Number of protein chains: 2
Amino acid sequence: MKQDDAIDAFSALAHETRLAVFRLLVREGPGGVPALEIARRLDAKPSTLSGHLAVLKRAGLVSATRRQKEILYAPNFGSVDALVRFLLEDCCGGDAAACGSLPSIAGAGAEP
Amino acid sequence: MKQDDAIDAFSALAHETRLAVFRLLVREGPGGVPALEIARRLDAKPSTLSGHLAVLKRAGLVSATRRQKEILYAPNFGSVDALVRFLLEDCCGGDAAACGSLPSIAGAGAEP
DNA sequence: TCGTCATTTCGGGCATTGACGAAATATGAA
DNA sequence: TTCATATTTCGTCAATGCCCGAAATGACGA
């Protein structure tokens, strides 16, 4: 992961509606939710939400697939994993044990 | 974690310099690095960097402790952990197995 | 093909954020 | 106390992000 990609992802999540969208999709799981249903559930205007979904998609956080007339949005769990790894890369100069459980758990310490 | 706290954290990380600062501190570990040294290493103006450090601190991502004349900044690993948990909360409606390894690993699925 | 539903694109207007230098504050040493 | 180092605060400027309605596009069924 490049720094710019990480910034795109963090920027995408740094917004009330977009964060709510992503968390909604996470709760729903890989099956996906149609755009208009997301708008309905979050009480957002379809045009505004469409822009937010585009941002999330450009950041790689969600993926979109068409099912008939609808477009289903689903979360991309791998992108979260990559983001955390990037954030904690080379944690504590390689001594991951010094940083608590998450870094080693996420595999973000120095690779042996 | 509240949604607003998560947004503060994501906003803080959604910036080239601030993200570089945080990753630098992660690499350095819990010992901490003085503000001016961070500025020197990242080639940033001290006044500009001071603002960025304040943003990171307000977001709970770093902590500051004074050592003599200097102020040492260190990463707050717990905040990253909380952020990931918040992001993946109730993943896949509780069926964490459906989402890949990270959610269950991070303890972000539905609590049994 | 035609109409309809689902979604996206576009343009305008408002608010927020970021960079920088100069000056202010805080700490330790002589 | 007085000086020097370390860091923060402040004011100004430019740039970016966001919301919304109206219109355009895409896909399906009659």
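All values below come from the heavy atoms of this structure, side chains included, with hydrogens, waters and symmetry mates left out. Below, chains carry the letters A, B, ... as their sequence lines are ordered, and counting in each starts from 1. None of these values were measured; they are calculated from a predicted model.
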Spacing of [X] atom [atom1] relative to [N] atom [atom2], expressed in whole Å:
X: A:Gln68; N: C:dT7; atom1: CD; atom2: P; value: 12 Å
X: A:Glu70; N: C:dA6; atom1: CD; atom2: P; value: 7 Å
X: A:Leu36; N: D:dA27; atom1: CG; atom2: P; value: 16 Å
X: A:His15; N: D:dG17; atom1: NE2; atom2: P; value: 12 Å
X: A:Lys69; N: D:dT25; atom1: NZ; atom2: C1'; value: 14 Å
X: B:Leu42; N: D:dT7; atom1: CG; atom2: P; value: 14 Å
X: A:Asp8; N: D:dG17; atom1: CG; atom2: P; value: 10 Å
X: A:Leu13; N: D:dC18; atom1: CG; atom2: P; value: 12 Å

### Query
Is B:Leu72 reachable from B:Leu25 through a run of hydrophobic residues whose side-chain heavy atoms are each under 4.5 Å from the next?
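No; B:Leu72 is not reachable from B:Leu25 via cluster members.
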### Query
Among the clusters formed by ILVMFWY side chains lying less than 4.5 Å apart, do A:Val26 and B:Phe10 turn up in the same one?
yes
Return the minimal non-hydrogen interatomic distance between [X] and [Y], and the atom names on each side.
X: A:Phe22; Y: A:Asn76; result: CE1-N, 4.5 Å
X: A:Leu61; Y: A:Ala12; result: CD1-CB, 3.9 Å
X: A:Ile7; Y: B:His15; result: CD1-C, 3.9 Å

Pair up each side-chain donor or acceptor in residues 35-55 of chain B with any protein partner under 3.5 Å, not counting sequence neighbours, and list the distances.
| residue | atom | partner | partner atom | Å |
| --- | --- | --- | --- | --- |
| B:Glu37 | OE2 | B:Arg41 | NE | 3.2 |
| B:Glu37 | OE2 | B:Arg41 | NH2 | 2.8 |
| B:Arg41 | NH1 | B:Glu28 | OE2 | 3.1 |
| B:Arg41 | NH2 | B:Glu28 | OE2 | 3.4 |
| B:His52 | ND1 | B:Arg18 | NH1 | 3.3 |

### Message
Applying a 4.0 Å non-hydrogen cut-off, can you work out what A:Arg67 is touching in the nucleic acid: base, sugar-phosphate, or nothing?
### Response
nothing
### Query
Looking at C:dA19, D:dA6, C:dT7, which one has an atom nearest to any side-chain atom of A:Ala35?
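Within the option list, the nearest is C:dT7.
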### Message
Under 4.0 Å from OP1 or OP2 of D:dA6: is there any side-chain N or O of B:Tyr73 that close?
### Response
no
### Query
Does A:Arg23 use its side chain to pair, donor to acceptor, with the backbone of B:Asp90 at less than 3.5 Å?
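No, the answer is negative, given that no donor and acceptor are paired below the 3.5 Å cut-off.
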### Query
Does anything in residues 44-66 of chain A reach DNA chain C, meaning a heavy atom under 4.0 Å, and if so which residues?
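Only A:Pro46, A:Ser47, A:Ser50 qualify.
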